[in-house]
Amino acid sequence: MPRIYLATTNPGKVREFREAAQALSIALDPLPRMAEVPPAIEDGSTFEQNARIKAEYYSRLSPGELVLAEDSGLAVDALNGSPGVHSARYAAVLQSGVALDQNSDDQANNAALIAQLKRLNQDRYTGKYVCVIAMAQDGETLATFTGEAPGELLTVPRGTQGFGYDPLFYFPALGKTFAELPLEQKREHSHRGKAFRQFLNWYGRQPQ
Ligand code: IMP
């Protein structure tokens, strides 16, 4: 079975990628030795730049292997696209005013987002999730794939599944937040699921 290494330690992402790969004849394995090196410095200004940075950096750990990395986040229209590439460290960035490397926990990020939204005092807050997957080998990006999911942000959390901003991310087409969806249903509609399907399409066309 062909193998792809997954270069992420985010448990929510790992769960979703592994669920997506379950029925496929591809082994999506955690990248060995990832914990032994300092984390990649995600200093790009776009999701694509950061996905490439991670894929290229971590692919050097396993010569010759295909390595999948992704960068993702939430972009809220009324916040000019924030938290954007700072989604994982939004609370810390708002507090310090600078782009720190240290991630904040989901609870702190959600509280920070709710506070920002409440200051705007609108009826609705539209936004989207974005995910860019980058595939790299030996330090070079081979391809990138982008998926987006449009939705609205709530100021009262709903649901217990998913991770990150999911309890606040309302998906009008289903009348539920992403935290109210089982993995399979989230994959069908999510930014990550869409990017992953594009990746599969590309992968299926590669000479094996
Ligand atoms: P990254 O690991 O630097 O790509 O940061 C991604 C961050 O974006 C996560 O820590 C979450 O805060 C947020 N995020 C991305 N995708 C999702 C999702 O599917 N659900 C909830 N939050 C997400």
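Atoms within a ligand are numbered from 1 in the order they appear, just like the ligands themselves. Remember, predicted model here, so these are calculated numbers, not experimental data. Counting from 1, the numbers follow the sequence of the chain as shown.
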Inset, instruction - Tell me which one of Gly12, Ser72, Ala40, Ala69 gets a heavy atom nearest to atom 7 (C) of ligand 1. - result: Ser72
Inset, instruction - Quick one: closest heavy-atom pair of Leu61 and Arg33, and the distance? - result: O-NH1, 3.1 Å
Inset, instruction - Report yes or no: does Asp166 have a heavy atom closer than 4.0 Å to ligand 1? - result: yes
Inset, instruction - Could you grab the distance from atom OG of Ser59 to atom CD of Gln137, nearest 0.5 Å is fine? - result: 8.0 Å
Legend entry - atom 10 (O) of ligand 1: the protein heavy-atom neighbour that sits closest, reported with distance to 0.1 Å: Ala88 CB, 3.5 Å
Inset, instruction - Going by heavy-atom distance to atom 1 (P) of ligand 1, choose the closest among Glu16, Arg89, Glu70, Lys13. - result: Lys13
Inset, instruction - Heavy-atom contacts with Asp71 under 4.0 Å: which atoms of ligand 1 show up? List them by number with element. - result: 1 (P), 3 (O), 4 (O)
Legend entry - Subset of ligand 1 atoms that lie under 4.0 Å from at least one heavy atom of Gly164: 21 (C), 22 (N)
Legend entry - Minimal non-hydrogen separation, Tyr203 against Pro2, with atom names: OH-CB, 3.1 Å
Inset, instruction - Would you mind finding which of Tyr90, Phe47, Tyr165, Phe169 brings a heavy atom closest to atom 13 (C) of ligand 1? - result: Tyr165
Inset, instruction - Starting from atom 16 (N) of ligand 1, locate the nearest protein heavy atom and write down its residue, its atom name and how far away it is, to 0.1 Å. - result: Arg192 NH2, 2.9 Å
Legend entry - N or O pair under 3.5 Å between Asn109 and ligand 1: no
Inset, instruction - Check whether the side chains of Arg205 and Asn201 place a donor and an acceptor atom closer than 3.5 Å, and report yes or no. - result: yes
Inset, instruction - Check Glu16, Glu180, His191, Glu19 against Lys186 for a side-chain hydrogen bond (donor to acceptor under 3.5 Å, both in side chains) and give me the one that passes. - result: Glu16
Inset, instruction - Answer yes if the side chains of Glu70 and Ser72 hold a donor-acceptor pair under 3.5 Å, and no otherwise. - result: yes
Inset, instruction - Answer with side chain, backbone, both or neither: which part of Lys54 has a heavy atom less than 4.0 angstrom from an atom of ligand 1? - result: side chain
Legend entry - Subset of ligand 1 atoms that lie under 4.0 Å from at least one heavy atom of Lys186: 18 (C), 19 (O), 20 (N)
Legend entry - Check ion pair Asp71-Lys54 (N to O, under 4.0 angstrom): yes
Legend entry - Asp106 N/O to ligand 1 N/O under 3.5 Å: no
Inset, instruction - Would you kindly say whether Tyr90 and Asn103 are connected by a side-chain donor-acceptor distance under 3.5 Å? - result: no
